[in-house]
Amino acid sequence: MSTVNVKDNSPIVEEESKEEKLTGCDAVLHAIWPVRYRKRTTASNGELYIKTTIRNLLLYVIFLIILCIIVYGMVGLINFHFSNGMLSLFVDEELENGKTFRNGFVTYDDVWDYLTGPLLNGLHFETWYDLSNTTEENIGFIFYQNKILGRPRLLQIRVKDNSCPLSSRVKKMVESCVGEFNGKTENKEPFGKALKSIDQNDTTYKAWIYSKDPQGTGGYSGLVGSYPPNGFMINLGQYKSESLEILQDLKKNDWLDKFTRAIIIDFTVYNGNVNLFNQLRLAIEFPPTGGMFNSWTVRTSKLLRYVSTFDYVVAACECLFVLFIIYYTIEELFDIKLNKLKYFKDVYNIMDIFILGLSYTTIGFSIYRTVQVNNLLDRLLTNSSEFQNFDTLTFCQELFNQASAVVIFFAWIKIFKYISLNKTLDQLNSTLRKSAKDIMYFCIIFFIIFFAYAALGYMLFSEFLADYQNFFKTLFTLFRIILGDFDFKTLRANSPILGPIYFISFVFLGFFILLNMFMAIINQSYTEVKEEMAQQQPEFMLSDYLKVNYSRVVEKLSLRRDRILDIQEVLKSEEVSSKDELDFNLWRKELKKKGYADMEIESLFSRYDKDSDRKLNEIEKIKMVKDIAKARNNIKEEYQNFKQNRDTTTKKDAFEVGDDCVEEVDESEPRLMTRDDFDYVVGRIDRMELSVASIISKIDRLFHHLESMEIEKMRKRQEIARLLKEQTNSPEMDQNINQMISN
């Protein structure tokens with residue numbers, strides 16, 4: 001790289017540094033996992049770093065495509081239609097008084113009307129649109145398409161009497177106190193009909209006796225509290241008449257009373273048309289304050305994974321995904337071994353570990369789900385008259401989907417790791433790194449003010465505004481205000497004085513001041529990054545790599561074209577073309593003049609010398625001429641196509657933007673030199689001057705060496721002359737002269 005501090009847009013070819021050459025297993029492992037070339041600082045040169053990064057990027061794109069096929073193969077529009085259809089049937093269906101499960105109930109009568117109305121009508125499709133009865137095969141199907149697995153179940157959660165402390169001053173007015181549900185206040189004692197002489201074969205006997213879930217799984221978190229899977233439970237019947245009889249008996253004997261804290265309705269259906277399971281859980285909670293809160297959970301899952309052809313494609317992708325995870329795990333281990341503790345200072349390395357950890361978690365979920373679904377379905381086929389709890393399986397599938405969603409999110413974010421190949425796109429990474437410290441201090445100030453306003457809003461408006469009913473809802477409400485989503489009319493109507501003051505002060509401080517401070521921090525960092533990039537010496541980037549490889553391809557094509565032209569020139573020469581036969585010695589003589597080696601000459605000649613007589617007859621000679629002409633046309637066409645493709649990728653919509661973009665220029669008009677062109681020429685001249693200076697210094701050293709040799713020769717001549725003069729009459733003169741000459 002040139003040391004001249006001049007902007008240069010030419011490809012930067014770094015001088016290769018010497019590095020330890022690997023052999024054996026180390027060489028094989030390094031070829032598969034080239035971790036030392038993953039960073040510019042550890043790579044021997046910039047071109048090798050770019051080449052390794054492009055290789056890793058292409059490999060990562062394949063991994064990302066496989067991950068997308070796996071994740072998006074589990075969900076789709078049909079999942080939404082399935083869930084929405086079930087909710088419209090059980091949540092949005094109206095009672096006779098116009099109320100729905102979604103909008104909530106007020107009285108116990110509303111609850112019983114729902115259980116004996118929309119719930120039973122949705123669970124039992126026993127008639128067609130013409131009021132004719134369905135066949136026995138269609139019993140137990142919702143929408144005539146979705147098979148109910150097992151029986152639907154009703155579960156009641158109860159609390160004890162006097163389960164809350166009561167002041168002595170009001171005991172005369174309030175005889176009993178029924179508190180909130182928790183582990184200590186849960187009532188497990190029989191009640192209602194169980195206290196009377198009731199036959200254990202009665203259809204509703206289990207509803208009055210505390211029971212544990214046989215599968216020991218489940219539980220539900222509602223709007224008011226969290227509830228266990230155990231309680232007072234009853235399964236509905238296979239037919240509508242059976243279910244209606246059970247519900248009427250429960251209503252008649254006051255199954256719901258003031259000690260009831262929640263009833264939970266559970267059932268799971270399977271649609272064989274789309275191979276999807278749907279678990280629907282409806283909960284009605286009875287808080288100690290009175291009233292009711294309705295909530296629901298619907299989970300649509302593909303628990304039987306491998307049925308259709310596409311499912312087996314997904315299975316193949318899952319196998320490849322596991323291989324990729326193993327590959328990347330080994331790569332990260334090599335990287336940790338190479339960089340030690342420095343490895344954990346890179347954010348992208350931490351992201352890699354996080355992705356690998358979540359990936360192994362999803363693999364574990366997938367194996368567990370497959371095993372458990374097979375066991376549960378086998379048990380279901382042997383006992384279809386009992387409730388089958390799919391809660392754990394659907395919950396694991398939901399966790400699997402959520403973990404997969406997080407994995408694919410960070411997998412897409414990781415692409416930012418490779419945008420450093422492009423100088424313009426790398427500005428985003430550099431801006432975030434430079435502004436990280438300022439943003440951290442800004443977040444401290446922002447959240448102090450934010451939490452202060454959240455605490456103030458919660459204390460002022462929690463009694464009469466749903467958006468402020470708890471601290472976390474207040475936080476989300478303030479975020480919505482910053483984004484412009486707020487209900488100022490309701491706030492002012494409930495608090496005419498404090499409401500407007502609270503709203504205006506928060507908008508002024510949180511939006512007009514703090515948000516603009518955040519934008520100023522980002523803008524300043526971005527400006528500084530652009531200035532630093534303009535001043536720093538250019539590194540070997542992706543555009544330089546493409547330019548260098550383009551030059552190499554053009555050079556190879558030109559070299560092949562020159563060889564063809566040389567051969568055609570020899571064949572068209574008067575000495576060769578005047579003869580019917582082409583002798584090898586003449587062929588070798590002419591090509592030797594062009595600088596070709598004997599091996600090349602021999603190889604080309606023997607290709608057409610079929611009879612091996614060291615001569616090409618007229619037919620063989622014509623075939624050579626045609627093949628050479630055809631090869632020339634092919635090279636010309638290949639060169640034109642390559643040049644055309646290169647030109648189309650260097651316009652304004654090319655990969656590089658900004659200063660690196662190559663604009664289309666009309667060659668017929670005179671081209672003015674821009675500042676970038678001038679800087680480029682100056683840089684090339686400076687490098688040329690350095691090269692010339694180096695050559696001149698070498699020539700000076702050569703002249704100095706020659707001068708020293710000349711001085712040494714003169715000294716020897718003088719010594720010979722002196723000896724001749726001193727020993728003119730000496731008998732040993734001839735011997736001494738010969739000895740001096742030999743030295």
Side-chain angles (χ1 to χ4, degrees), residues 66-76 78-80 82-83 86-87 146-150 152-153 155 212-222 226-230 264-272 274-283 295-308 311-312 314-315 317-319 321-322 325 354-381 383 386-411:
I66 293 173
L67 182 60
C68 289
I69 293 175
I70 296 173
V71 173
Y72 298 142
M74 298 183 301
V75 295
I78 195 66
N79 296 55
F80 168 76
F82 198 179
S83 300
M86 299 296 290
L87 291 177
N146 309 302
K147 175 62 177 176
I148 301 177
L149 302 179
R153 184 188 70 177
L155 170 66
K212 291 187 177 181
D213 187 351
Q215 300 174 22
T217 58
Y220 181 76
S221 296
S226 298
Y227 309 100
N230 310 316
I264 301 173
I265 307 158
D266 272 312
F267 60 92
T268 304
V269 300
Y270 173 72
N271 189 306
V274 292
N275 187 31
L276 289 177
F277 290 80
N278 184 282
Q279 185 206 17
L280 184 60
R281 172 169 289 172
L282 306 170
S295 59
W296 58 90
T297 300
V298 57
R299 295 174 182 154
T300 300
S301 309
K302 191 173 185 178
L303 299 179
L304 297 175
R305 294 297 304 276
Y306 313 115
V307 177
S308 64
D311 293 338
Y312 287 105
V314 174
C317 291
E318 288 176 346
C319 296
F321 174 77
V322 173
I325 293 301
F354 184 71
I355 292 174
L356 290 175
L358 280 180
S359 299
Y360 283 113
T361 303
T362 56
I363 294 171
F365 277 146
S366 181
I367 296 173
Y368 173 81
R369 176 201 57 217
T370 303
V371 175
Q372 290 299 320
V373 166
N374 293 332
N375 295 336
L376 190 59
L377 288 180
D378 292 339
R379 186 166 59 246
L380 174 63
L381 293 175
N383 190 8
E386 295 294 333
F387 169 73
Q388 299 297 329
N389 196 338
F390 279 77
D391 180 74
T392 302
L393 288 178
T394 55
F395 180 69
C396 286
Q397 180 64 35
E398 186 177 28
L399 289 179
F400 176 82
N401 293 345
Q402 293 172 355
S404 301
V406 175
V407 168
I408 199 169
F409 170 78
F410 282 104

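Side chains of Glu398 and Thr297 form no contact here, defined as non-hydrogen atoms less than 4.5 Å apart. For the pair Ser301/Phe390, no side-chain contact is recorded, criterion being any heavy-atom separation below 4.5 Å from C-beta on. Residues Arg305 and Met74 are in side-chain contact: their nearest non-hydrogen atoms beyond the backbone lie under 4.5 Å apart. Taking the side chain as every heavy atom from C-beta outward, Phe365 and Gln402 never approach each other to under 4.5 Å. Between Asn278 and Asn271, every side-chain heavy-atom pair lies at or beyond the 4.5 Å cut-off. Side-chain contact between Ile69 and Phe321: absent, with no pair of heavy atoms (C-beta onward) separated by less than 4.5 Å. Side-chain contact between Gln397 and Leu303: present, with at least one pair of heavy atoms (C-beta onward) separated by less than 4.5 Å. Looking only at side-chain heavy atoms (C-beta outward), Val406 and Phe354 come within less than 4.5 Å of each other.
Closest non-hydrogen pair, Ile148 versus Pro152, comes out as CG2-CD, 4.2 Å. Nearest approach of Ile355 to Ala411, heavy atoms of both residues: CD1-N, 4.0 Å. Heavy atoms only, all atoms of each residue included: Ala283 and Ile264 are closest at CB-CG1, 4.3 Å. The minimum heavy-atom distance between Asp391 and Arg299, with the atom names listed, is OD1-NH1, 3.2 Å. When all heavy atoms of Leu67 and Ile408 are compared, the closest pair comes out as CD2-CA, 3.9 Å. Taking all atoms of both residues into account, the shortest heavy-atom contact from Pro228 to Leu155 is O-CD2, 3.9 Å.
Judged purely by atom type and a 3.5 angstrom limit, Asp266 has no side-chain atom pairing as donor or acceptor with the backbone of Asn389. A side-chain donor-acceptor contact under 3.5 Å links Asn230 to the backbone of Asp213.
Classified by interplanar angle (parallel below 30°, tilted 30° to 60°, perpendicular above 60°), the ring pair Tyr270/Phe277 is tilted.
If you take CZ on Phe400 and OG1 on Thr362, they are separated by 5.5 Å, rounding to the nearest 0.5 Å. To the nearest 0.5 Å, the span separating CZ on Phe267 from CZ on Arg281 amounts to 11.5 Å. Taking CG from Leu304 and CG from Leu276, the interatomic distance works out to 10.0 Å, rounded to the nearest 0.5 Å. How far CD of Gln388 is from CZ of Arg153: 11.0 Å, rounded to the nearest 0.5 Å.
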Subject >> Trace of the side-chain contact (heavy atoms from CB on, under 4.5 Å) decision for Leu280 with Ile265 >> reply: CA-CA 8 Å; Leu280 184 60; Ile265 307 158; over 6 Å; no

**OP:** Begin from the C-alpha positions of Asp311 and Ser308 and carry the test side chain to side chain donor-acceptor pair (under 3.5 Å) through to its verdict.
**Re:** CA-CA 5 Å; Asp311 293 338; Ser308 64; 3.1 Å; yes

Original post:
Where do Glu318 and Tyr306 land on the side-chain contact (heavy atoms from CB on, under 4.5 Å) test, with the steps shown first?
Top reply: CA-CA 12 Å; Glu318 288 176 346; Tyr306 313 115; 2.5 Å; yes

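Between the side chains of Thr300 and Ser83, a donor-acceptor pair is found at a separation under 3.5 Å.
At most 12 heavy atoms of other shown residues, nucleotides or ligands fall within 6.0 angstrom of atom NZ in Lys212.
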